[in-house]
Amino acid sequence: MRAVRAMALLAASLALAACQGKKAEGDAPAKSAAAPAADKILVGHVGSMTGSEATFGQSTDQGIKLAIEQWNAKGGVKGKPITLRTYDSQGKPEEAAVAATRLVVNDKVNLLLGEVASSRSLAMAPVADGNGTPMITPSSTNPRVTKDKDKVRPFVFRVCFIDPFQGTVMAKFARNDRKIEKVAILRDVGNDYSMGLADYFLAKFKELGGTVVDDQSYKAGDQDFKAQLTAIKNKNPQAVYVPGYYTDVALIARQARELGMKQPLLGGDGWDSAKLFEIGGKAIEGSFYSNHYSPDDPSPRIQEFVKAYKARFGVVPDGLAAQGYDAAMVGFDAMNRAADGSGAAIRDAIGATKDYPGVTGIITIDANHDAVKPAVVLEVKDGKSVFITTVAP
Ligand code: PHE
């Protein structure tokens with residue numbers, strides 16, 4: 001196993017080196033990589049299929065599968081059937097890079113989908129760019145995923161909004177709707193998404209006249225949050241912003257209640273999992289978070305998707321499933337329009353996506369390779385998420 005991994009990494013660095021040599025000529029991809037197979041379309045997905053964020057990968061994978069089945073039922077992309085190959089990132093950035101490399105260099109996928117977590121998409125992005133394979137992340141929201149410093153990553157796209165917007169949505173909701181004046185923040189230091197979103201929320205909340213009374217941190221996988229929560233409790237905020245992933249957030253909620261804290265917790269899309277309610281139970285009730293979509297939205301496009309997904313997988317699709325579905329749909333639509341099967345042509349077609357009617361909103365890819373879309377605010381009530389409002393960009 002070790003040897004395989006080392007070889008994959010070596011292959012990745014060689015491919016990267018080859019491309020870097022070409023960079024001087026512009027953004028042309030390394031021509032040898034990702035040569036499309038003539039008779040079929042191969043799609044690669046890197047997702048956290050196991051680990052403490054397993055529902056992220058599993059839901060996304062199911063959303064992608066549904067999109068593939070629907071396209072194949074119509075005859076595939078340009079008459080070619082689509083097949084899916086999924087590799088597990090195990091929730092680790094290093095594994096995400098290895099998986100992306102296997103898919104791009106060894107399997108020569110036509111399109112790379114994933115990851116959910118920004119830290120892991122950041123680890124995959126150089127592999128996509130370095131080999132000229134188009135990549136669409138369904139739901140990574142950190143700005144740096146599609147932009148390396150000031151430069152837009154040529155082959156990397158997303159079909160979701162970004163965190164400067166998501167942070168603003170929750171800051172406005174807290175200040176303007178809930179009239180909250182004092183908040184505390186509890187962020188995950190090892191997580192690019194959590195760190196970024198905490199900063200964007202903080203800046204907007206202050207700009208709106210609010211005060212941030214404490215800014216504490218933890219590391220994903222920690223089990224004991226009592227020291228940070230006690231410090232926060234002593235500052236007496238009216239709410240605590242916790243932009244982390246569901247397993248940690250649920251534990252944090254439980255320990256906050258054990259300490260007698262009654263404040264609502266506020267968070268972002270990283271809360272989106274049925275496990276949040278399973279692990280958090282009563283402790284997470286009355287808290288609010290921003291997300292990509294609500295399955296309760298009566299819009300026919302959403303209800304049609306919810307119905308098809310439930311019929312296929314037996315559960316209501318969460319936001320990840322909807323984002324995975326939309327990422328795949330946008331990718332196939334682009335491949336169908338692309339001048340040819342090359343990575344560059346597919347890249348150009350994805351970049352030209354305009355007003356695509358996604359389940360999670362109308363998708364137009366902007367100059368930064370991001371989608372400009374609305375967000376929803378949800379409340380945790382009776383063990384599920386209840387739609388509160390939609391916020392336009
Ligand atoms: N936006 C999160 C990130 O960038 C991932 C996520 C999206 C998690 C949607 C849950 C739901 O890391």
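All residue numbers refer to positions in the sequence shown, counting from 1. In each ligand, atom 1 is the first atom listed, and ligand 1 is the first ligand listed.
Between Val376 and Ser294, the closest heavy-atom pair is CG2-N, 4.3 Å.
Taking the centre of each ring, His292 and Phe161 come in below the 6.0 Å mark. Ring to ring, Phe205 and Tyr241 are not that close: their centroids are 6.0 angstrom or more apart.
Between Ser139 and ligand 1, at least one N/O pair is under 3.5 Å apart. When only interatomic distances are considered, the shortest N/O to N/O separation between Asp269 and ligand 1 falls below 3.5 Å.
The protein non-hydrogen atom at the shortest distance from atom 12 (O) of ligand 1 is Tyr245 OH, 2.6 Å. Atom 6 (C) of ligand 1 has Val116 CG1, 3.5 Å as its closest protein atom, hydrogens excluded (heavy atom only). Atom 4 (O) of ligand 1 has Ser118 OG, 2.5 Å as its closest protein atom, hydrogens excluded (heavy atom only).
Within the 4.0 Å heavy-atom shell around ligand 1 one does not find Gln323. Ligand 1 is never approached by Gly319 to a heavy-atom distance shorter than 4.0 Å.
Counting heavy-atom neighbours within 6.0 Å of Lys226 NZ, excluding the residue itself, gives a total above 12. Counted within 6.0 Å of CZ on Arg257, heavy atoms from surrounding residues, nucleotides or ligands total more than 12; the atom is thus considered enclosed.
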